[in-house]
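Contents: one structure, followed by commentary.
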Amino acid sequence: MGFIGSGSIGRTIAQLAVGAGHQVVLSNSRGPETLVHTAAELGPRASAATSKEAAAAGDIVVVTVPVSAFPHVPAAPLAGKTVIDTCNYGPERDGHIPELDNKSLTSSELLLRYVPDALLVKAFNNIFFKHLLSLARPAGAADRSYLPIAGDSAPAKAAVTEFIDSIGYSVVDAGTLADSWRQATGTPVWGTPYGPYLNEKGQPVGEDAIRAALATATR
């Protein structure tokens, strides 16, 4: 697993991945030397690298950066790879992006313009990182939670579903990248189903609740 960006959600996915036996290669915009302690905390399955190295190393690569940083995501090493996009657009942080403001594109479709040969799957963008850590459950658990994913490549979605299953979650297929607005910031499936931020343990969410939240989204 390669990571381009190592903020709260990236580190949490990496922690769950290491716990499930995956190797992780972390990167950020400040250089690998700033991630040495994070990698050490995660243990021998984790290392730090440049973003290009992390992109090249991962069988699956997680892009978890501000939308304003999309132009800096290395495209060449992501060609043909399954890429998980966890990113959410926030004009207050990213500045106003006309195609996102007028909703002619989803943020994942915008990312695809910068990494056109990647196989993008939207995932993990709708859950608080503390809930993501605390709600992970083994396969078959009665209180296992579901996460929505969206993408245009069936093989990439299958690979992401397998990865998400390995770290403690089941998946609801939310459609194509064009449909991924249904899990964007402020939609019914974004954050709310898993409980308030103040409750760091969160609350498990089943398949029916996620499907209902996706269905009630309006644009």
Side-chain angles (χ1 to χ4, degrees), residues 3-10 12-13 27-29 51 55 60-129 131-132 146-157 160-161 164 171-194 196-197 205 209-219:
F3 287 80
I4 298 174
S6 297
S8 297
I9 198 76
T12 301
I13 297 169
S27 73
N28 63 17
S29 61
S51 59
I60 297 175
V61 180
V62 180
V63 174
T64 178
V65 299
V67 170
S68 57
F70 283 178
H72 306 296
V73 174
L78 296 180
K81 289 198 175 186
T82 295
V83 174
I84 298 175
D85 166 24
T86 79
C87 311
N88 286 313
Y89 172 52
E92 68 289 341
R93 176 197 63 195
D94 297 313
H96 283 280
I97 298 171
E99 298 96 327
L100 301 184
D101 287 340
N102 67 25
K103 301 176 181 175
S104 62
L105 286 180
T106 64
S107 59
S108 289
E109 290 174 308
L110 180 65
L111 176 57
L112 196 60
R113 289 186 171 183
Y114 293 101
V115 290
D117 298 317
L119 305 173
L120 277 190
V121 178
K122 191 76 167 190
F124 298 113
N125 71 302
N126 73 308
I127 187 169
F128 181 42
F129 74 96
H131 293 166
L132 179 62
Y146 281 71
L147 295 170
I149 68 169
D152 297 337
S153 165
K157 282 167 128 174
V160 172
T161 297
I164 290 175
V171 160
V172 169
D173 189 332
T176 66
L177 290 181
D179 298 320
S180 63
W181 63 269
R182 291 186 176 276
Q183 64 197 74
T185 305
T187 59
V189 83
W190 186 78
T192 303
Y194 307 97
Y197 287 179
V205 184
I210 295 299
R211 289 193 184 281
L214 289 166
T216 57
T218 56
R219 200 171 190 182

Given V189 and I210, is the side-chain contact (heavy atoms from CB on, under 4.5 Å) satisfied, shown in steps?
CA-CA 6 Å; V189 83; I210 295 299; 3.8 Å; yes

Looking at every non-hydrogen atom in both residues, tell me the closest pair between [X] and [Y] and how far apart they are.
{"X": "Y89", "Y": "T185", "value": "O-OG1, 4.0 Å"}
{"X": "S180", "Y": "L177", "value": "OG-O, 2.6 Å"}
{"X": "L147", "Y": "Y194", "value": "CD2-OH, 3.4 Å"}
{"X": "A123", "Y": "V160", "value": "CB-CG1, 4.5 Å"}
{"X": "D179", "Y": "G175", "value": "OD2-CA, 3.5 Å"}
{"X": "A118", "Y": "L112", "value": "O-CD1, 3.7 Å"}

Should the ring pair H131 and Y197 be called parallel, tilted or perpendicular, given that the plane angle runs from 0 to 90° and is split at 30 and 60?
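Rings of H131 and Y197: perpendicular, as their planes differ by over 60°.
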
Can you tell me how far [atom2] of [Y] sits from [atom1] of [X], rounded to the nearest 0.5 angstrom?
{"X": "I164", "Y": "I149", "atom1": "CD1", "atom2": "CD1", "result": "5.5 Å"}
{"X": "K157", "Y": "T176", "atom1": "NZ", "atom2": "OG1", "result": "7.0 Å"}
{"X": "L110", "Y": "E99", "atom1": "CG", "atom2": "CD", "result": "6.5 Å"}
{"X": "L132", "Y": "I13", "atom1": "CG", "atom2": "CD1", "result": "6.0 Å"}

According to the salt bridge (Lys or Arg N to Asp or Glu O under 4.0 Å) rule, which pairs have a member within residues 63-74, sequence neighbours left out?
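Of all non-adjacent pairs touching residues 63-74, none passes salt bridge (Lys or Arg N to Asp or Glu O under 4.0 Å).
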
Side chain proximity check, P148 to N126, heavy atoms < 4.5 angstrom:
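Yes, side chains in contact.
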
Contacts of T64 that satisfy side-chain hydrogen bond (donor to acceptor under 3.5 Å, both in side chains) - sequence neighbours left out
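If we apply the side-chain hydrogen bond (donor to acceptor under 3.5 Å, both in side chains) test to T64, skipping adjacent residues, the hits are T86.
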
Counterpart residues, side-chain hydrogen bond (donor to acceptor under 3.5 Å, both in side chains), relative to N125 (two or more places apart):
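By the side-chain hydrogen bond (donor to acceptor under 3.5 Å, both in side chains) rule, N125 matches N88, Q183.
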
Identify all side-chain donor-acceptor contacts of residues 211-219 below 3.5 Å with residues at least two apart in sequence or on another chain.
from, atom 1, to, atom 2, distance (Å)
R211, NE, E207, OE2, 3.0
R211, NH2, E207, OE2, 3.0
T216, OG1, A212, O, 3.2
T216, OG1, A213, O, 3.1
R219, NH2, K103, O, 3.1

Throw together a table of side-chain donor-acceptor distances under 3.5 angstrom for residues 65-85, partners on residues two or more places apart or in other chains.
from, atom 1, to, atom 2, distance (Å)
S68, OG, D94, OD1, 3.4
K81, NZ, A55, O, 2.8
K81, NZ, A56, O, 2.7
K81, NZ, G58, O, 2.7
D85, OD1, C87, N, 2.8
D85, OD2, S108, OG, 2.5
D85, OD2, K122, NZ, 3.0

Are the side chain of S6 and the backbone N or O of N28 linked by a donor-acceptor pair below 3.5 Å?
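Checked: no pair found.
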
Tell me, please, which residues at least two apart from Y114 pass ring pair (Phe, Tyr, Trp, His ring centres under 6.0 Å).
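Ring pair (Phe, Tyr, Trp, His ring centres under 6.0 Å) check on Y114 returns nothing, list empty.
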
